[in-house]
Asks: 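Got a structure here, written out as structure tokens. Questions coming.
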Amino acid sequence: MLELHVTPRDDLRNILDNLTEPAAIYLKKGTYYTKVEIKKSNVVLIGEDRETTVITHDDYAKKIHKDGREFNTFRTYTVCVSGENVRMENLTIENSNENPEKEGQCVALSVNAKRFYGKNLKLKSMQDTLFMAPFPDDLVLRYRGFIPQNQLYMQGTSLHLFEDCEISGTVDFIFGGAEAYFKNCRIISRPESRKIGFVAAPCHHLVQERGFNFVNCEIINGGANENEVYLARPWRDFGKCAFINCALGSHVNSELFDKWNDTERDKTARFCYFGLKSERKLSPVSWAQELSPAQATEIINDCNAHFNDNNI
């Protein structure tokens, strides 16, 4: 495997665009102000230190692109991963836009691949921080010719793993249709001028057995008001989320979940929880399922098996 050592003075985007073989890229600490796509498979990107190795950019949904159209959510990413079996460790990926109410969504990391592993990452933005493909089918049709095909099309399912990461945002800041596991992560809700927040916004297909799984995570108040943040709301029908053995701050609404505005997705959403530790008395919505110990253990075992898989 090719080994490269990169500093902020180097052109990281050009390096990634011109890879011809699998590579391990080591980033020296500093700020990399750039927008990059990792198209090559089997790339490892490792920062010197999570807090001081920062890839940052500032695109936002309502910004006008050079093609004359708005960026839209899915072109605002700071880092996009479209290559398979990419691994990232020990760095921060940030979209520095902090006004989503006026300027729209602002993605930090977009994972548009089937297999991805992140460890000790810090993902920071406001609305729509982390996207994990696949897209909902209706958006695949809508964005054909607008989003590059290598980012948009995906047959089958995907598996995305995040361990010991810190992910922060305000509205729907973990969203998409991947089978994803968040193990020992810190999930931080930042202050939101609209006075409401949502951690996860899943869009899974009905045939998917697993959706977003948060295991042993801390759901932390990073400045939100008490009771104003929901753990999840379904971006499309059949969205699936599990929160297991997670600690909740007082910013989490006692009902835990929201059905998404004036929809009837409460009839199809597959949201569940087990072993939550909360600073307030919880009164979960009736359409969410409290798992049995056996059901929770099954998800935990699946989670651990994926992280122990040397193929990722």
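Just so you know, these numbers use all the heavy atoms, side chains as well, and skip hydrogens, waters and symmetry mates.
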Asks: Using 4.0 Å as the upper bound for N to carboxylate O, is an ion pair formed by Arg280 and Glu226?
Replies: yes
Asks: Is the distance from the ring center of Phe131 to that of Phe74 below 6.0 Å?
Replies: yes
Asks: Under 3.5 Å, is there a donor on one side chain and an acceptor on the other for Asn14 and Asn18?
Replies: yes
Asks: Look at the rings of Tyr181 and His306 and say which category their plane angle falls in: under 30° parallel, 30 to 60° tilted, over 60° perpendicular.
Replies: tilted
Asks: Could you tell me whether the side chains of Glu163 and Tyr117 share a donor-acceptor contact shorter than 3.5 Å?
Replies: yes
Asks: Taking atom types as modelled, is there a side-chain donor on Asp59 or Thr76 under 3.5 Å from an acceptor on the other?
Replies: no
Asks: Could you state the interatomic distance from OG (Ser189) to NE2 (His251), rounded to the nearest 0.5 Å?
Replies: 4.0 Å
Asks: Using a strict cut-off of less than 4.0 Å between a Lys/Arg side-chain nitrogen and an Asp/Glu carboxylate oxygen, indicate whether Arg75 and Asp67 qualify as a salt bridge.
Replies: yes
Asks: Start with the C-alpha gap between Phe257 and Tyr230, add the side-chain angles, then the distance that decides, and say whether ring pair (Phe, Tyr, Trp, His ring centres under 6.0 Å) holds.
Replies: CA-CA 5 Å; Phe257 304 108; Tyr230 293 85; 8.8 Å; no
Asks: Do the two ring centres, one from Phe71 and one from His65, sit under 6.0 Å apart?
Replies: yes
Asks: Are the side chains of Leu91 and Ile46 in contact, using a 4.5 Å heavy-atom criterion?
Replies: no
Asks: Can you tell me how far the CZ atom of Phe162 sits from the CG atom of Leu121, to the nearest 0.5 Å?
Replies: 7.0 Å
Asks: If only side-chain N and O atoms count, and only distance matters, is there a donor-acceptor pair under 3.5 Å linking Arg270 with Gln208?
Replies: no
Asks: Less than 4.5 Å apart, any side-chain heavy atom of Leu231 and any of Asn253?
Replies: no
Asks: Run the side-chain contact (heavy atoms from CB on, under 4.5 Å) test on Thr78 and Ile55 for me, step by step, so that the C-alpha distance in whole Å, both residues' side-chain angles and the decisive distance to 0.1 Å come before the verdict.
Replies: CA-CA 7 Å; Thr78 296; Ile55 304 174; 3.9 Å; yes
Asks: Which pair of heavy atoms, one from Glu37 and one from Leu16, lies closest together, and at what distance?
Replies: O-CB, 4.1 Å
Asks: Please determine if Arg233 forms a cation-pi arrangement with Phe198, meaning its NZ or CZ atom is less than 6.0 Å from the six-membered ring centre and no more than 45° off the ring axis.
Replies: yes
Asks: Both conditions, 6.0 Å and 45 degrees, for the charged tip of Lys240 above the ring of Phe271: are they met here?
Replies: no
Asks: Can you tell me how the ring of His57 sits relative to the ring of Tyr33, calling it parallel under 30°, perpendicular over 60° and tilted otherwise?
Replies: parallel
Asks: Is the closest side-chain donor-acceptor distance between Asn85 and Ser41 under 3.5 Å?
Replies: no
Asks: Parallel, tilted or perpendicular: which one describes the rings of Phe212 and Phe214, with boundaries at 30° and 60°?
Replies: perpendicular
Asks: Please check if the side chain of Arg236 supplies one atom and the backbone of Arg265 the other of a donor-acceptor pair under 3.5 Å.
Replies: no
Asks: Going by atom types only, do Thr263 and Asn261 share a side-chain donor-acceptor pair under 3.5 Å?
Replies: no
Asks: Which of these, Glu103, Lys63, Gln105, Lys102, sits in a side-chain hydrogen bond (donor to acceptor under 3.5 Å, both in side chains) with Asn97?
Replies: Glu103
Asks: Answer yes if the side chains of Tyr143 and Asn72 hold a donor-acceptor pair under 3.5 Å, and no otherwise.
Replies: yes
Asks: Counting only heavy atoms from other residues, nucleotides and ligands, does the tally under 6.0 Å from NZ of Lys28 exceed 12?
Replies: no
